[in-house]
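Down below is the structure, laid out as structure tokens.
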Amino acid sequence: FWLSPFQSIVIPVRSQIDEYALSVQKQITEAGFVCDIEVDPGKTLNKKIRNAQVAQYNFIIVVGDKEANGKTVNVRTRDEKILGVFPLEKVISKFRSFGDNYVKD
């Protein structure tokens with residue numbers, strides 16, 4: 001994880017959530033991690049997730065209405081494993097522990 005050029009990507013479920021997705025991306029980036037965002041309205045959610053898996057992003061962060069209202073994020077891995085919904089601070093803390101412990105994936 002700590003050496004990966006594709007650490008994480010934020011994918012909003014729909015374009016009305018873009019503002020929250022941008023704030024999630026900004027917080028992760030400000031914490032010192034690589035975080036991209038996919039806001040192309042021409043792609044379906046499944047296509048965005050699949051593209052992120054093919055690009056080998058370690059973590060795919062999907063946000064929708066439920067996550068925006070609860071200030072949480074839904075985290076998946078590139079191996080199609082859904083880790084669940086967590087507060088963003090907990091995700092950033094976990095990313096820090098990966099870096100501190102030099103976790104490769």
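Values below: all heavy atoms of this structure, side chains included; hydrogens, waters and symmetry mates excluded.
Other residues, nucleotides and ligands place more than 12 heavy atoms under 6.0 Å from the CD atom of Gln16.
A search for side-chain hydrogen bond (donor to acceptor under 3.5 Å, both in side chains) contacts involving Asp36 returns Tyr57, not counting sequence neighbours. Listed by chain and number, the residues in a side-chain contact (heavy atoms from CB on, under 4.5 Å) with Glu89 are Pro87 (sequence neighbours excluded). Remark: Glu38 engages Ile9, Ile11, Asp40, Lys43, Lys48 in a side-chain contact (heavy atoms from CB on, under 4.5 Å) (not counting sequence neighbours). Partners of Ser15 by side-chain contact (heavy atoms from CB on, under 4.5 Å), not counting sequence neighbours, listed by chain and number: Asp18. Not counting sequence neighbours, the partners of Glu30 by the salt bridge (charged side-chain N to carboxylate O under 4.0 Å, His left out) test are Lys26. With sequence neighbours left out, the side-chain contact (heavy atoms from CB on, under 4.5 Å) criterion links Ser93 to no other residue.
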Can you give the donor-acceptor pairs under 3.5 Å from side chains of residues 62-74 to other protein atoms, not counting sequence neighbours?
residue	atom	partner	partner atom	Å
Asp65	OD1	Arg14	NH2	2.7
Asp65	OD2	Arg14	NE	3.2
Asp65	OD2	Arg14	NH2	3.0
Glu67	OE1	Gly64	N	2.8
Asn69	ND2	Asp65	O	3.2

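In terms of heavy atoms, Pro12 sits closest to Leu45 at O-CD1, 4.2 Å.
The structure places CZ of Arg96 at 6.0 Å from CZ of Phe33, a figure rounded to the nearest 0.5 Å.
The closest donor-acceptor contact from the side chain of Gln56 to the backbone of Gln53 lies under 3.5 Å. Distance alone, capped at 3.5 Å, is enough to place a donor-acceptor pair between the Ser8 side chain and the Val34 backbone.
Phe95 and Val85 fall into different hydrophobic clusters, defined by Ile, Leu, Val, Met, Phe, Trp and Tyr side-chain heavy atoms under 4.5 Å apart, directly or through other members.
When side chains are defined from C-beta on, Arg50 does not count as touching Asn46, because their heavy atoms never get closer than 4.5 Å.
Aromatic rings of Phe59 and Phe98 (six-membered ring for Trp) have centroids within the 6.0 Å cut-off, being under it.
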